[in-house]
A.B. asks: 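Take a look at the following structure, please.
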Amino acid sequence: MGLLRIMMLPKLQLLAVVAFTVAMLFLENQIQKLEESRSKLERAIARHEVREIEQRHTMDGPRQDTALDEEDDMVIIYNRVPKTASTSFTNIAYDLCAKNKYHVLHINTTKNNPVMSLQDQVRFVKNITSWKEMKPGFYHGHISYLDFAKFGVKKKPIYINVIRDPIERLVSYYYFLRFGDDYRPGLRRRKQGDKKTFDECVAEGGSDCAPEKLWLQIPFFCGHSSECWNVGSRWAMDQAKYNLINEYFLVGVTEELEDFIMLLEAALPRFFRGATELYRTGKKSHLRKTTEKKLPTKQTIAKLQQSDIWKMENEFYEFALEQFQFIRAHAVREKDGDLYILAQNFFYEKIYPKSN
(Lines give C-alpha, C1' and ligand atoms only; values in the text may rest on other atoms or scores of the structure.)
Protein backbone atom coordinates (compact mmCIF):
# COMPACT_ATOMS: atom_id res chain seq x y z
CA MET A 1 0.00 0.00 0.00
CA GLY A 2 2.84 2.34 0.91
CA LEU A 3 4.58 1.52 -2.41
CA LEU A 4 1.38 2.39 -4.29
CA ARG A 5 1.27 5.81 -2.63
CA ILE A 6 4.89 6.45 -3.57
CA MET A 7 4.18 5.52 -7.22
CA MET A 8 1.13 7.79 -7.32
CA LEU A 9 2.99 10.83 -5.94
CA PRO A 10 4.59 11.94 -9.26
CA LYS A 11 1.18 11.66 -10.96
CA LEU A 12 -0.35 13.88 -8.29
CA GLN A 13 2.43 16.39 -8.73
CA LEU A 14 1.94 16.35 -12.50
CA LEU A 15 -1.78 16.89 -12.07
CA ALA A 16 -1.08 19.76 -9.69
CA VAL A 17 1.27 21.40 -12.24
CA VAL A 18 -1.28 20.96 -15.03
CA ALA A 19 -4.05 22.37 -12.85
CA PHE A 20 -1.88 25.36 -11.89
CA THR A 21 -0.97 26.02 -15.53
CA VAL A 22 -4.61 25.86 -16.62
CA ALA A 23 -5.57 28.20 -13.78
CA MET A 24 -2.87 30.72 -14.76
CA LEU A 25 -3.90 30.63 -18.42
CA PHE A 26 -7.52 31.15 -17.41
CA LEU A 27 -6.53 34.04 -15.15
CA GLU A 28 -4.45 35.69 -17.90
CA ASN A 29 -7.36 35.29 -20.31
CA GLN A 30 -9.74 36.92 -17.82
CA ILE A 31 -7.31 39.80 -17.24
CA GLN A 32 -7.01 40.33 -21.00
CA LYS A 33 -10.82 40.36 -21.33
CA LEU A 34 -11.10 42.89 -18.48
CA GLU A 35 -8.50 45.11 -20.15
CA GLU A 36 -10.35 44.93 -23.46
CA SER A 37 -13.64 45.73 -21.70
CA ARG A 38 -12.05 48.69 -19.96
CA SER A 39 -10.71 50.01 -23.29
CA LYS A 40 -14.14 49.63 -24.91
CA LEU A 41 -15.74 51.45 -21.99
CA GLU A 42 -13.24 54.31 -22.25
CA ARG A 43 -13.96 54.66 -25.98
CA ALA A 44 -17.71 54.54 -25.39
CA ILE A 45 -17.49 57.26 -22.72
CA ALA A 46 -15.34 59.41 -25.00
CA ARG A 47 -17.79 59.04 -27.89
CA HIS A 48 -20.70 59.89 -25.57
CA GLU A 49 -18.95 63.05 -24.37
CA VAL A 50 -18.25 64.11 -27.94
CA ARG A 51 -21.88 63.53 -28.96
CA GLU A 52 -23.11 65.58 -26.00
CA ILE A 53 -20.91 68.53 -26.94
CA GLU A 54 -21.85 68.30 -30.62
CA GLN A 55 -25.55 68.06 -29.69
CA ARG A 56 -25.34 71.19 -27.53
CA HIS A 57 -23.56 72.94 -30.37
CA THR A 58 -26.33 71.93 -32.82
CA MET A 59 -29.14 72.95 -30.46
CA ASP A 60 -27.58 76.30 -29.72
CA GLY A 61 -27.05 76.96 -33.40
CA PRO A 62 -24.39 79.23 -34.88
CA ARG A 63 -23.94 82.45 -32.97
CA GLN A 64 -22.60 85.66 -34.36
CA ASP A 65 -21.23 86.77 -30.99
CA THR A 66 -19.08 83.70 -30.36
CA ALA A 67 -16.15 84.65 -32.58
CA LEU A 68 -12.90 83.67 -30.92
CA ASP A 69 -9.97 86.01 -30.62
CA GLU A 70 -6.71 85.12 -32.33
CA GLU A 71 -5.11 83.27 -29.42
CA ASP A 72 -8.25 81.35 -28.45
CA ASP A 73 -8.74 80.24 -32.07
CA MET A 74 -5.44 78.34 -32.02
CA VAL A 75 -5.17 74.60 -32.59
CA ILE A 76 -1.97 72.57 -32.20
CA ILE A 77 -1.55 69.09 -33.68
CA TYR A 78 1.17 66.87 -32.29
CA ASN A 79 1.19 63.84 -34.61
CA ARG A 80 3.47 61.94 -32.29
CA VAL A 81 5.87 59.29 -33.56
CA PRO A 82 5.89 56.17 -31.33
CA LYS A 83 8.75 55.83 -28.82
CA THR A 84 10.13 59.35 -29.11
CA ALA A 85 9.27 60.51 -25.54
CA SER A 86 5.84 61.49 -26.84
CA THR A 87 4.01 60.41 -23.68
CA SER A 88 6.41 62.39 -21.50
CA PHE A 89 5.78 65.51 -23.55
CA THR A 90 2.01 64.97 -23.76
CA ASN A 91 1.80 64.64 -19.98
CA ILE A 92 3.02 68.23 -19.75
CA ALA A 93 0.16 69.38 -21.99
CA TYR A 94 -2.34 67.56 -19.75
CA ASP A 95 -0.82 69.07 -16.61
CA LEU A 96 -1.00 72.62 -18.01
CA CYS A 97 -4.36 72.59 -19.81
CA ALA A 98 -6.52 73.59 -16.82
CA LYS A 99 -4.14 76.33 -15.72
CA ASN A 100 -3.57 77.75 -19.22
CA LYS A 101 -7.22 77.20 -20.24
CA TYR A 102 -7.08 75.00 -23.32
CA HIS A 103 -8.37 71.53 -24.25
CA VAL A 104 -6.32 68.37 -24.84
CA LEU A 105 -7.75 65.65 -27.10
CA HIS A 106 -6.22 62.26 -27.86
CA ILE A 107 -6.71 61.06 -31.45
CA ASN A 108 -7.15 57.29 -31.01
CA THR A 109 -7.28 55.50 -34.36
CA THR A 110 -8.33 51.88 -34.84
CA LYS A 111 -5.31 49.57 -34.30
CA ASN A 112 -3.14 52.72 -34.12
CA ASN A 113 -3.29 53.03 -37.90
CA PRO A 114 -1.45 56.27 -38.78
CA VAL A 115 -3.31 56.61 -42.11
CA MET A 116 -6.94 57.81 -42.03
CA SER A 117 -9.59 56.91 -44.56
CA LEU A 118 -10.63 59.74 -46.87
CA GLN A 119 -13.97 60.14 -45.07
CA ASP A 120 -12.22 60.27 -41.69
CA GLN A 121 -9.84 62.90 -43.03
CA VAL A 122 -12.84 65.08 -43.94
CA ARG A 123 -14.44 64.59 -40.51
CA PHE A 124 -11.16 65.29 -38.73
CA VAL A 125 -10.51 68.50 -40.66
CA LYS A 126 -14.08 69.65 -39.97
CA ASN A 127 -13.71 68.93 -36.24
CA ILE A 128 -10.40 70.74 -35.97
CA THR A 129 -11.52 73.87 -37.79
CA SER A 130 -15.13 74.31 -36.62
CA TRP A 131 -15.32 72.79 -33.12
CA LYS A 132 -15.26 76.07 -31.19
CA GLU A 133 -16.01 74.40 -27.85
CA MET A 134 -12.64 72.64 -28.06
CA LYS A 135 -10.63 75.75 -28.90
CA PRO A 136 -7.94 76.50 -28.08
CA GLY A 137 -7.07 72.84 -28.58
CA PHE A 138 -4.07 70.54 -28.36
CA TYR A 139 -4.63 67.36 -30.40
CA HIS A 140 -2.20 64.46 -30.17
CA GLY A 141 -2.08 60.96 -31.65
CA HIS A 142 -0.10 58.51 -33.77
CA ILE A 143 -1.24 59.83 -37.15
CA SER A 144 0.75 60.85 -40.19
CA TYR A 145 0.82 64.45 -41.39
CA LEU A 146 -2.42 65.65 -43.00
CA ASP A 147 -2.38 68.63 -45.36
CA PHE A 148 -5.34 70.81 -44.34
CA ALA A 149 -4.90 73.04 -47.40
CA LYS A 150 -6.27 70.22 -49.59
CA PHE A 151 -9.64 70.63 -47.87
CA GLY A 152 -10.02 74.34 -48.55
CA VAL A 153 -9.86 75.52 -44.95
CA LYS A 154 -9.01 79.14 -44.24
CA LYS A 155 -6.88 78.60 -41.13
CA LYS A 156 -4.56 75.63 -40.76
CA PRO A 157 -3.52 74.19 -37.39
CA ILE A 158 -0.02 74.49 -35.95
CA TYR A 159 1.95 71.26 -36.34
CA ILE A 160 4.71 70.25 -33.91
CA ASN A 161 6.60 66.99 -33.45
CA VAL A 162 9.60 65.25 -31.89
CA ILE A 163 11.82 62.65 -33.57
CA ARG A 164 14.57 60.36 -32.34
CA ASP A 165 17.71 58.60 -33.52
CA PRO A 166 16.17 55.86 -35.71
CA ILE A 167 18.04 52.89 -34.21
CA GLU A 168 17.42 54.03 -30.64
CA ARG A 169 13.72 54.45 -31.45
CA LEU A 170 13.48 50.95 -32.94
CA VAL A 171 15.30 49.35 -29.98
CA SER A 172 12.96 51.10 -27.55
CA TYR A 173 9.90 49.98 -29.52
CA TYR A 174 11.21 46.39 -29.75
CA TYR A 175 11.49 46.04 -25.97
CA PHE A 176 8.30 48.01 -25.35
CA LEU A 177 6.30 45.39 -27.29
CA ARG A 178 7.74 42.69 -25.05
CA PHE A 179 8.02 44.23 -21.60
CA GLY A 180 5.96 47.41 -21.69
CA ASP A 181 7.00 50.36 -19.55
CA ASP A 182 6.55 51.84 -16.10
CA TYR A 183 3.61 53.99 -17.25
CA ARG A 184 1.13 51.08 -17.40
CA PRO A 185 3.12 48.13 -16.02
CA GLY A 186 0.14 45.76 -15.71
CA LEU A 187 -0.88 45.99 -19.37
CA ARG A 188 -0.18 42.86 -21.43
CA ARG A 189 1.88 43.70 -24.52
CA ARG A 190 1.61 42.13 -27.96
CA LYS A 191 4.96 40.31 -27.81
CA GLN A 192 4.89 39.54 -24.10
CA GLY A 193 6.76 36.32 -23.27
CA ASP A 194 9.31 36.71 -26.08
CA LYS A 195 12.66 36.92 -24.23
CA LYS A 196 14.82 37.27 -27.34
CA THR A 197 17.15 40.27 -27.15
CA PHE A 198 17.39 42.84 -29.91
CA ASP A 199 20.94 41.63 -30.68
CA GLU A 200 19.69 38.05 -31.08
CA CYS A 201 16.84 39.22 -33.28
CA VAL A 202 19.20 41.08 -35.65
CA ALA A 203 21.67 38.18 -35.72
CA GLU A 204 18.87 35.77 -36.70
CA GLY A 205 17.33 38.17 -39.24
CA GLY A 206 14.05 38.50 -37.33
CA SER A 207 11.14 40.51 -38.73
CA ASP A 208 10.65 42.72 -35.62
CA CYS A 209 14.15 44.20 -35.97
CA ALA A 210 14.45 44.21 -39.75
CA PRO A 211 15.70 47.42 -41.40
CA GLU A 212 12.21 47.92 -42.86
CA LYS A 213 10.98 48.58 -39.31
CA LEU A 214 13.16 51.71 -39.25
CA TRP A 215 10.91 53.27 -41.92
CA LEU A 216 8.52 55.27 -39.72
CA GLN A 217 9.59 58.85 -39.07
CA ILE A 218 9.82 59.68 -42.77
CA PRO A 219 6.27 58.50 -43.60
CA PHE A 220 4.87 60.20 -40.48
CA PHE A 221 6.17 63.53 -41.82
CA CYS A 222 5.48 62.71 -45.47
CA GLY A 223 1.75 62.20 -44.98
CA HIS A 224 -1.17 60.29 -46.44
CA SER A 225 0.14 59.75 -49.97
CA SER A 226 0.72 56.12 -50.96
CA GLU A 227 4.33 56.81 -51.89
CA CYS A 228 5.03 57.95 -48.33
CA TRP A 229 4.64 54.37 -47.14
CA ASN A 230 6.75 52.74 -49.85
CA VAL A 231 9.80 51.70 -47.86
CA GLY A 232 12.95 53.38 -49.14
CA SER A 233 11.19 55.96 -51.33
CA ARG A 234 13.43 58.94 -52.08
CA TRP A 235 10.33 60.99 -52.99
CA ALA A 236 8.88 60.27 -49.53
CA MET A 237 12.02 61.53 -47.81
CA ASP A 238 12.10 64.71 -49.92
CA GLN A 239 8.42 65.34 -49.12
CA ALA A 240 9.05 64.72 -45.42
CA LYS A 241 11.87 67.28 -45.45
CA TYR A 242 9.67 69.78 -47.28
CA ASN A 243 6.86 69.36 -44.77
CA LEU A 244 9.22 69.63 -41.80
CA ILE A 245 10.50 73.00 -43.04
CA ASN A 246 7.29 74.46 -44.47
CA GLU A 247 4.41 72.91 -42.52
CA TYR A 248 5.75 72.36 -39.01
CA PHE A 249 6.10 75.17 -36.50
CA LEU A 250 8.82 73.34 -34.57
CA VAL A 251 10.30 69.83 -34.60
CA GLY A 252 12.47 68.80 -31.69
CA VAL A 253 14.56 65.73 -30.94
CA THR A 254 14.16 63.33 -28.03
CA GLU A 255 17.75 63.80 -26.98
CA GLU A 256 17.17 67.56 -26.45
CA LEU A 257 13.57 67.51 -25.25
CA GLU A 258 14.00 70.17 -22.58
CA ASP A 259 15.28 72.68 -25.16
CA PHE A 260 12.29 71.88 -27.39
CA ILE A 261 9.91 72.56 -24.50
CA MET A 262 11.70 75.80 -23.62
CA LEU A 263 11.40 77.09 -27.20
CA LEU A 264 7.69 76.24 -27.29
CA GLU A 265 7.09 78.08 -24.04
CA ALA A 266 8.83 81.18 -25.38
CA ALA A 267 7.05 81.13 -28.73
CA LEU A 268 3.58 79.81 -27.72
CA PRO A 269 3.00 80.83 -24.09
CA ARG A 270 -0.78 80.55 -24.55
CA PHE A 271 -0.29 76.78 -24.35
CA PHE A 272 3.11 76.21 -22.81
CA ARG A 273 3.46 78.84 -20.07
CA GLY A 274 5.15 77.03 -17.18
CA ALA A 275 6.15 73.98 -19.24
CA THR A 276 9.92 74.27 -18.77
CA GLU A 277 9.72 74.45 -14.99
CA LEU A 278 7.19 71.62 -14.94
CA TYR A 279 9.49 69.43 -17.04
CA ARG A 280 12.47 70.15 -14.82
CA THR A 281 10.72 69.58 -11.51
CA GLY A 282 7.66 67.45 -12.25
CA LYS A 283 7.44 63.69 -11.92
CA LYS A 284 5.12 62.85 -14.81
CA SER A 285 7.44 64.17 -17.49
CA HIS A 286 10.08 61.61 -16.53
CA LEU A 287 7.66 58.78 -15.85
CA ARG A 288 7.54 56.59 -18.93
CA LYS A 289 10.57 54.36 -19.46
CA THR A 290 10.71 51.12 -21.40
CA THR A 291 11.60 48.27 -19.05
CA GLU A 292 14.09 45.44 -19.65
CA LYS A 293 15.75 47.39 -22.45
CA LYS A 294 19.26 46.21 -23.37
CA LEU A 295 21.47 48.44 -25.47
CA PRO A 296 22.53 46.86 -28.77
CA THR A 297 26.16 45.97 -29.39
CA LYS A 298 28.37 47.84 -31.85
CA GLN A 299 28.14 44.84 -34.19
CA THR A 300 24.33 45.01 -34.20
CA ILE A 301 24.34 48.75 -34.87
CA ALA A 302 26.91 48.35 -37.66
CA LYS A 303 24.77 45.67 -39.33
CA LEU A 304 21.68 47.91 -39.33
CA GLN A 305 23.71 50.86 -40.59
CA GLN A 306 24.56 48.92 -43.74
CA SER A 307 20.93 49.24 -44.80
CA ASP A 308 19.87 51.91 -47.28
CA ILE A 309 16.71 52.35 -45.20
CA TRP A 310 18.74 53.30 -42.13
CA LYS A 311 20.80 55.71 -44.24
CA MET A 312 17.63 57.50 -45.38
CA GLU A 313 15.99 57.61 -41.95
CA ASN A 314 19.24 58.79 -40.41
CA GLU A 315 19.61 61.46 -43.10
CA PHE A 316 16.13 62.72 -42.24
CA TYR A 317 16.94 62.68 -38.51
CA GLU A 318 20.19 64.62 -39.08
CA PHE A 319 18.27 67.09 -41.25
CA ALA A 320 15.71 67.65 -38.47
CA LEU A 321 18.44 67.94 -35.83
CA GLU A 322 20.34 70.56 -37.85
CA GLN A 323 17.16 72.60 -38.34
CA PHE A 324 16.29 72.41 -34.64
CA GLN A 325 19.78 73.45 -33.57
CA PHE A 326 19.69 76.33 -36.05
CA ILE A 327 16.42 77.60 -34.55
CA ARG A 328 17.73 77.17 -31.02
CA ALA A 329 20.97 79.03 -31.78
CA HIS A 330 18.95 82.08 -32.85
CA ALA A 331 16.57 81.94 -29.88
CA VAL A 332 18.66 81.21 -26.78
CA ARG A 333 21.97 82.03 -25.18
CA GLU A 334 24.08 79.93 -22.85
CA LYS A 335 25.38 81.14 -19.49
CA ASP A 336 27.12 79.00 -16.86
CA GLY A 337 25.98 75.85 -18.63
CA ASP A 338 22.29 76.85 -18.69
CA LEU A 339 20.22 78.08 -21.62
CA TYR A 340 18.15 81.27 -21.52
CA ILE A 341 15.63 82.58 -24.01
CA LEU A 342 16.80 85.73 -25.80
CA ALA A 343 14.84 88.91 -25.26
CA GLN A 344 13.07 90.52 -28.21
CA ASN A 345 15.77 91.74 -30.56
CA PHE A 346 13.78 93.56 -33.24
CA PHE A 347 11.89 96.86 -33.19
CA TYR A 348 10.14 99.24 -35.59
CA GLU A 349 11.38 102.62 -36.70
CA LYS A 350 10.87 105.21 -39.47
CA ILE A 351 7.11 104.75 -39.27
CA TYR A 352 5.33 106.86 -41.94
CA PRO A 353 3.17 108.77 -42.49
CA LYS A 354 3.71 110.64 -39.28
CA SER A 355 0.66 110.97 -37.08
CA ASN A 356 -0.47 114.52 -36.18
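Side chains included, hydrogens not; waters and symmetry mates left out as well; all remaining heavy atoms used.
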A.B. asks: With sequence neighbours excluded, what pairs up with Asp238 under the salt bridge (charged side-chain N to carboxylate O under 4.0 Å, His left out) test?
C.D. replies: none
A.B. asks: Hydrophobic cluster membership, with links at side-chain heavy-atom distances under 4.5 Å among I/L/V/M/F/W/Y: are Trp131 and Val153 in one?
C.D. replies: yes
A.B. asks: Do Phe138 and Cys97 have side chains that get closer than 4.5 Å, going by heavy atoms?
C.D. replies: no
A.B. asks: Please find the pair of heavy atoms, one from Val162 and one from Val253, that lie closest to each other, and give the distance.
C.D. replies: CG1-C, 3.7 Å
A.B. asks: Nearest 0.5 Å, what's the NZ-CZ distance between Lys156 and Phe151?
C.D. replies: 12.0 Å
A.B. asks: Below 4.5 Å, heavy atoms only, C-beta onward: do Gln325 and Glu256 meet side chain to side chain?
C.D. replies: yes
A.B. asks: If you group Ile, Leu, Val, Met, Phe, Trp and Tyr by side-chain heavy-atom gaps below 4.5 Å, do Ile327 and Ile341 land in one group?
C.D. replies: yes
A.B. asks: Give me the atom names and distance for the closest heavy-atom approach of Ile76 to Phe272.
C.D. replies: CD1-CE1, 3.8 Å
A.B. asks: So do Tyr279 and Met262 actually touch side chain to side chain, heavy atoms under 4.5 Å?
C.D. replies: no
A.B. asks: Quick check: do His103 and Lys135 have side-chain heavy atoms less than 4.5 Å from each other?
C.D. replies: no
A.B. asks: Quick one: pull up CZ in Phe220 and CG in Asn243 and give me the separation to the nearest 0.5 Å.
C.D. replies: 14.0 Å
A.B. asks: With a 6.0 Å cut-off (strictly less than), is the heavy-atom count around CD of Gln119, excluding the residue itself, greater than 12?
C.D. replies: yes
A.B. asks: Distance-only, no hydrogens or angles: does the Tyr102 side chain make a donor-acceptor pair with backbone N or O of Ala93 under 3.5 Å?
C.D. replies: yes
A.B. asks: Are Ile351 and Phe346 co-members of a hydrophobic cluster defined by side-chain heavy atoms under 4.5 Å apart?
C.D. replies: yes
A.B. asks: Within the side chain of Arg273, is there an N or O that forms a donor-acceptor pair under 3.5 Å with the backbone of Asn100?
C.D. replies: no
A.B. asks: Relative to Phe148, does Lys150 satisfy both conditions: NZ or CZ under 6.0 angstrom from the six-membered ring centre, and within 45 degrees of the ring's axis?
C.D. replies: no
A.B. asks: State, with a plain yes or no, whether a side-chain heavy atom of Trp310 is found less than 4.5 Å away from one of Leu170.
C.D. replies: no
A.B. asks: Evaluate ring pair (Phe, Tyr, Trp, His ring centres under 6.0 Å) for Tyr175 paired with Tyr173, printing each intermediate quantity in order.
C.D. replies: CA-CA 6 Å; Tyr175 285 109; Tyr173 189 62; over 10 Å; no
A.B. asks: Looking only at heavy atoms, which two atoms of Pro211 and Ser307 are closest? And how far apart?
C.D. replies: CB-OG, 3.3 Å
A.B. asks: Could Arg234 and Glu315 be called an ion pair, given the rule that one side-chain N must be under 4.0 Å from one carboxylate O?
C.D. replies: yes
A.B. asks: Would you indicate whether the side-chain heavy atoms of Pro82 and Leu216 approach each other to under 4.5 Å?
C.D. replies: yes
A.B. asks: Using modelled atom types and a 3.5 Å cut-off, is there a donor and acceptor pairing between side-chain atoms of Thr84 and backbone atoms of Val81?
C.D. replies: yes
A.B. asks: Charged N to carboxylate O under 4.0 angstrom, Lys294 versus Glu200?
C.D. replies: no
A.B. asks: Are the side chain of Gln239 and the backbone N or O of Cys222 linked by a donor-acceptor pair below 3.5 Å?
C.D. replies: no
A.B. asks: The test is side-chain contact (heavy atoms from CB on, under 4.5 Å); show your working for Ile163 and Phe324 and say whether it passes.
C.D. replies: CA-CA 11 Å; Ile163 68 172; Phe324 175 71; over 6 Å; no
A.B. asks: Mind listing the closest non-hydrogen atom pair of Cys228 and Trp235 along with its distance?
C.D. replies: SG-CZ3, 4.0 Å
A.B. asks: If you define the side chain from C-beta out and look only at heavy atoms, does anything of Ile309 sit under 4.5 Å from Met312?
C.D. replies: no
A.B. asks: Before you tell me yes or no, could you show the steps for Phe249 and Ile77 under side-chain contact (heavy atoms from CB on, under 4.5 Å), namely the whole-Å CA-CA distance, both residues' side-chain angles and the distance that decides it to 0.1 Å?
C.D. replies: CA-CA 10 Å; Phe249 179 77; Ile77 296 181; over 6 Å; no
A.B. asks: Drop me the distance from Leu263's CG to Glu258's CD, to the nearest 0.5 angstrom.
C.D. replies: 11.0 Å
A.B. asks: Roughly how far apart are Ile107 CD1 and His142 NE2, rounded to 0.5 Å?
C.D. replies: 10.5 Å
A.B. asks: Taking Val122 as the starting point, is it possible to reach Phe124 by hopping between hydrophobic residues whose side chains are less than 4.5 Å apart?
C.D. replies: yes
A.B. asks: Which atoms form the tightest heavy-atom contact between Cys209 and Leu304, and what is the distance?
C.D. replies: O-CD2, 3.7 Å
A.B. asks: Go through Val171 and Tyr174 one step at a time and tell me if the side-chain contact (heavy atoms from CB on, under 4.5 Å) criterion holds.
C.D. replies: CA-CA 5 Å; Val171 171; Tyr174 178 88; 5.6 Å; no
A.B. asks: Using the test side chain to side chain donor-acceptor pair (under 3.5 Å), find all partners of Tyr94 that sit at least two apart in sequence or belong to another chain.
C.D. replies: His140
A.B. asks: Can you give me the closest heavy-atom contact between Ala275 and Ile261, atom names plus distance?
C.D. replies: CB-CG2, 3.6 Å
A.B. asks: Spell out, as yes or no, whether a donor-acceptor pair under 3.5 Å connects the side chain of Lys155 to the backbone of Met74.
C.D. replies: no
A.B. asks: Is it the case that over 12 heavy atoms from other parts of the model lie below 6.0 angstrom from the CG atom of Leu295?
C.D. replies: no
A.B. asks: Test Phe221 against every option in Tyr317, Tyr145, Phe319, Phe316 by the ring pair (Phe, Tyr, Trp, His ring centres under 6.0 Å) rule and name the one that passes.
C.D. replies: Phe316
A.B. asks: Kindly determine whether Gln299 and Val202 satisfy side-chain contact (heavy atoms from CB on, under 4.5 Å), including the steps that lead there.
C.D. replies: CA-CA 10 Å; Gln299 292 82 357; Val202 172; over 6 Å; no
A.B. asks: With a 6.0 Å cut-off (strictly less than), is the heavy-atom count around CD of Glu204, excluding the residue itself, greater than 12?
C.D. replies: yes
A.B. asks: Kindly work out whether a path of hydrophobic side-chain contacts (I/L/V/M/F/W/Y, heavy atoms less than 4.5 Å apart) joins Trp229 to Tyr242.
C.D. replies: no
A.B. asks: With side chain to side chain donor-acceptor pair (under 3.5 Å) as the rule and sequence neighbours excluded, what pairs involving residues 211-225 come up?
C.D. replies: Ser144-His224
A.B. asks: To the nearest 0.5 Å, tell me how far His106 NE2 sits from Arg80 CZ.
C.D. replies: 5.5 Å
A.B. asks: Please say whether more than 12 non-hydrogen atoms of neighbouring residues, nucleotides or ligands are located less than 6.0 Å from NZ in Lys126.
C.D. replies: no
A.B. asks: Quick one: does any side-chain atom of Asp165 pair with a main-chain N or O of Glu168 as donor and acceptor, under 3.5 Å?
C.D. replies: yes
A.B. asks: Out of Lys101, Arg270, Lys132, which residue meets the side-chain hydrogen bond (donor to acceptor under 3.5 Å, both in side chains) rule with Asp72?
C.D. replies: Arg270
A.B. asks: Give a yes or no on whether the backbone of Ile218 and the side-chain of Glu313 come within a donor-acceptor separation of less than 3.5 Å.
C.D. replies: yes
A.B. asks: Can you label the angle between the Tyr78 ring and the Phe89 ring as parallel, tilted or perpendicular, going by 30° and 60°?
C.D. replies: perpendicular
A.B. asks: I'd like to know if the side chain of Asp308 reaches the main chain of Gly232, judged simply by a donor and an acceptor atom lying under 3.5 Å from each other, with no hydrogens or angles considered.
C.D. replies: no
A.B. asks: Between Thr90 and Thr87, does the side chain to side chain donor-acceptor pair (under 3.5 Å) criterion hold? Intermediate values first, please.
C.D. replies: CA-CA 5 Å; Thr90 305; Thr87 299; 6.0 Å; no
A.B. asks: Looking at CG of Leu105 and CG of Asn127, how far apart are the two atoms once the value is rounded to the nearest 0.5 Å?
C.D. replies: 9.0 Å
A.B. asks: Within the structure provided, determine whether Leu278 and Leu96 are in side-chain contact (heavy-atom separation under 4.5 Å).
C.D. replies: yes
